[in-house]
Amino acid sequence: MPDTPQSFASQSSRATASVPLSIPFSTSPGFAAIGEKFFTRLPPTPLPAPYLVSVAPAAAALLGWDAGIGNEQGFVETFVGNQVPEWADPIATVYSGHQFGVWAGQLGDGRAIRLAQAETGTGPWEIQVKGAGLTPYSRMADGRAVLRSSIREYLCSEAMAALGVPTTRALSIVGSDAPVRRETIETSAVVTRLSPTFIRFGHFEHFAAHDDVAALRQLADFVIDNFMPACREDAQPYQALLREVSLRTADLIAHWQAVGFCHGVMNTDNMSILGLTIDYGPFGFLDAFDANHICNHSDTQGRYAYSQQPQVAFWNLHCLAQALLPLWLPPEESDKEGAREAAVEAARAALDPFRDRYAAAFFRHYRAKLGLRPPAGGDDKADEPLLTALFQLLHAQRVDYTLFWRKLCGISSTDASRDAPVRDLFLDRAAFDTWVADYRARLRAEQSHDAARELEMLAVNPKYVLRNHLAETAIRRAREKDFSEVDRLLAVLSRPFDEQPEAEHYAALPPDWASGLEVSCSS
Ligand code: AMP
Ligand code: MG
């Protein structure tokens, strides 16, 4: 049995800040106000000789800081967890979840500690240090995160934000040479993450599994009151909550597919109730397009393959629905004739909009990527043949996904002799010619203006994404204590749609050595 929240709470002691860091925000209790059964109060565990690896200017700005904040006294000590400022109220929350389709029981913030909730001009932000030591929810693990995975999470959080994909954010990485055992001995790091809330589907599953309907209701009310107030107006607020989460999740996954992002571990404990990308582990962006690409080396069955992400999200939403069910089917009524059927039907009705919303978002993204206007009559299905043929072609030819879209921006609707930059990505040029003839016909049918369309397409087809080998290069240099590549990559990825002539090589095909890279759950 894991320690109970209470037993840890009594051990927690509050260190006071030796070098206070002045903050440009106020704080509020946030999640800490909802009651002790949801979390444990405890301070982070210090790490020896911490050093700053990187600060993300855009994330710092969300809190009201400028990019130089990392050099301020107290920053490193605070965001490695070595001092607990008086404005902090550190907590680790409890959740459960389904991992790889199987109920895993209690999980929780095993190495993440929420320091505080900042109230800022950009909204509320929970500030959380990940890798900050053991909690009651660490199970058999060590409470730490390695520099390697921390760099990946940090860079990708900020890259996704710049791509416009809903995501948790990353403020900083602080490192320490304290050794951490994974497949090899690595060094430690703490990523400071920001999110309006870190509540996951798994938080609801946890209290449902304990038949604690009161806690379930408290959680649901917290999410509704703080983030989805419109649900309160609904005759059935909790069903409205489920519908809202379904819609947000549909939007999120369609966006992932469009940018070629594979999450890698879509367990229900890694699904944000706000529809944000959360818990960056063995994620990957598609290089050569493979519809069934599996980015997580530990995912031997391909449960979380690129093509599976929409279905898996829907499956995860069913787990959430199951957890929420007692909110509209009180246990004392569940035996009444027809009550259960009616409640399940209500859940289904709340989940159902996922399909249409996903399809609509999918077509919207891909039409934008193709520079097409909605078909006459607004029938998305009319775009399906062109897209299906394209995916089959990209898959058969293993064309680089990001390069394809970026180069397609420059296509002419009238002049095939200018196809070379994109055509040369295909081994089977004739197959490309067949597809592009249809595409060109469509462009001409809607009297598409080449120059205007190119600009619009360049604004939705990124030139720069966090390919595995780019992260790997930054990690290798960081291990040598050269953090400049982390900063450089962060800067490039924060403007993914802009031409950055000095950064051309970051947009190139992966080098040969990248094919040997394996990313697993080890972090
Ligand atoms: P993840 O696969 O990273 O989503 O983690 C699944 C669960 O394991 C979560 O509850 C994490 O907090 C926990 N966990 C993962 N790695 C560690 C670690 N090194 N120490 C403590 N808990 C961990
Ligand atoms: Mg997780």
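Source: prediction; values computed, not measured. Just so it is clear, the values below take in all heavy atoms, side chains as well, and ignore hydrogens, waters and symmetry mates. Whatever order the structure lists them in is the order used to number ligands and atoms, beginning at 1.
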Asker: Looking at Glu485 and Arg488, is any side-chain nitrogen of the basic one under 4.0 Å from a carboxylate oxygen of the acidic one?
Answerer: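 Between Glu485 and Arg488 there is a salt bridge, with a charged N closer than 4.0 Å to a carboxylate O.
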Asker: Quick check: does Asn270 have an N/O/S atom under 2.8 Å of the Mg ion (ligand 2)?
Answerer: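 Here the distance criterion (N, O or S atom, under 2.8 Å) is met by Asn270, so yes.
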Asker: For atom 5 (O) of ligand 1, grab the closest protein heavy atom and report residue, atom and distance to one decimal in Å.
Answerer: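 Of every protein heavy atom, Asp269 OD2, 4.7 Å lies nearest to atom 5 (O) of ligand 1.
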Asker: If you measure every N or O of Ala141 against every N or O of ligand 1, does any of those distances drop under 3.5 Å?
Answerer: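 In fact, backbone or side chain, Ala141 has no N or O that close.
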Asker: Kindly say whether the aromatic ring centers of Phe100 and Tyr304 come within a distance under 6.0 Å.
Answerer: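 Centroid distance Phe100-Tyr304: below 6.0 Å, so yes.
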Asker: Heavy atoms only, cut-off 4.0 Å: how does Tyr95 contact ligand 1, side chain, backbone, both, or neither?
Answerer: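 The part of Tyr95 near ligand 1 is the side chain, not the backbone.
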Asker: Would you call Arg398 and Asp287 a salt bridge, taking side-chain N to carboxylate O under 4.0 Å as the test?
Answerer: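 Asp287 and Arg398: not salt-bridged.
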Asker: Taking Ser96 as the fixed residue, which of Phe207, Phe201, Trp103 is the one that meets the side chain to side chain contact (heavy atoms under 4.5 Å, CB included) rule?
Answerer: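 Testing each of Phe207, Phe201, Trp103 against Ser96, the sole residue satisfying side chain to side chain contact (heavy atoms under 4.5 Å, CB included) is Trp103.
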Asker: What I want to find out is whether Arg476 reaches Glu472 closely enough, with some N-O distance under 4.0 Å, to be called a salt bridge.
Answerer: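 Glu472 and Arg476: salt-bridged.
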Asker: I want to confirm something. Looking only at heavy atoms, which of Ala112, Gly110, Gly108 is nearest to atom 10 (O) of ligand 1?
Answerer: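 Ranked by closest heavy atom to atom 10 (O) of ligand 1, first place is Gly108.
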Asker: Any heavy atom of Cys521 sitting closer than 4.0 Å to ligand 1?
Answerer: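 For ligand 1, residue contact (heavy atoms, under 4.0 Å) with Cys521 is absent.
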Asker: Think Arg355 forms a cation-pi with Phe314, using NZ or CZ under 6.0 Å from the six-ring centre and within 45 degrees of its axis?
Answerer: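 Judged by the rule (NZ or CZ under 6.0 Å from the ring centre, within 45° of its axis), Arg355 is not positioned above Phe314.
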Asker: Counting heavy atoms only, which of Met140, Arg139, Arg182, Arg200 comes nearest to atom 8 (O) of ligand 1?
Answerer: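 Of the listed residues, Arg139 has the closest heavy atom.
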Asker: I need the atoms of ligand 1 closer than 4.0 Å to a non-hydrogen atom of Asp279, numbered in the order shown.
Answerer: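 Close to Asp279: 4 (O).
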Asker: Which residue owns the protein heavy atom closest to atom 3 (O) of ligand 1, what's the atom, and how far is it?
Answerer: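 Sorting protein heavy atoms by distance from atom 3 (O) of ligand 1 puts Arg111 NH2, 3.7 Å first.
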Asker: Give a yes/no answer: is there an N/O/S atom of Asp279 under 2.8 Å from the Mg ion (ligand 2)?
Answerer: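 True for Asp279.
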Asker: May I ask you to identify, for Gln99, whether its side chain, its backbone, both or neither come under 4.0 Å of ligand 1 on a heavy-atom basis?
Answerer: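 Contact part for Gln99 vs ligand 1: side chain (C-beta onward).
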Asker: For atom 20 (N) of ligand 1, what is the closest protein heavy atom, and at what distance to 0.1 Å?
Answerer: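 The closest one turns out to be Gly143 N, 2.7 Å.
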Asker: Identify the heavy atoms of Leu276 and Pro196 that sit nearest to each other, and give their distance.
Answerer: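 Heavy atoms only, the tightest pair is CD1-CD, 4.2 Å.
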Asker: What distance do Met160 atom CE and Leu493 atom CG have between them, rounded to the nearest 0.5 Å?
Answerer: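 Separation between the atoms: 11.5 Å.
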Asker: Given Ile278, Asn270, Asp142, identify the one with the heavy atom nearest to atom 1 (P) of ligand 1.
Answerer: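 Result: the heavy atom closest to atom 1 (P) of ligand 1 is in Asn270.
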Asker: Give yes if a backbone or side-chain nitrogen or oxygen of Arg144 is under 3.5 Å from a nitrogen or oxygen of ligand 1, and no if not.
Answerer: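 Between Arg144 and ligand 1 (N or O atoms, distance only) the closest approach is under 3.5 Å.
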Asker: Would you call Arg200-Glu205 a salt bridge at under 4.0 Å N-O?
Answerer: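 Salt bridge between Arg200 and Glu205, a charged N being under 4.0 Å from a carboxylate O: no.
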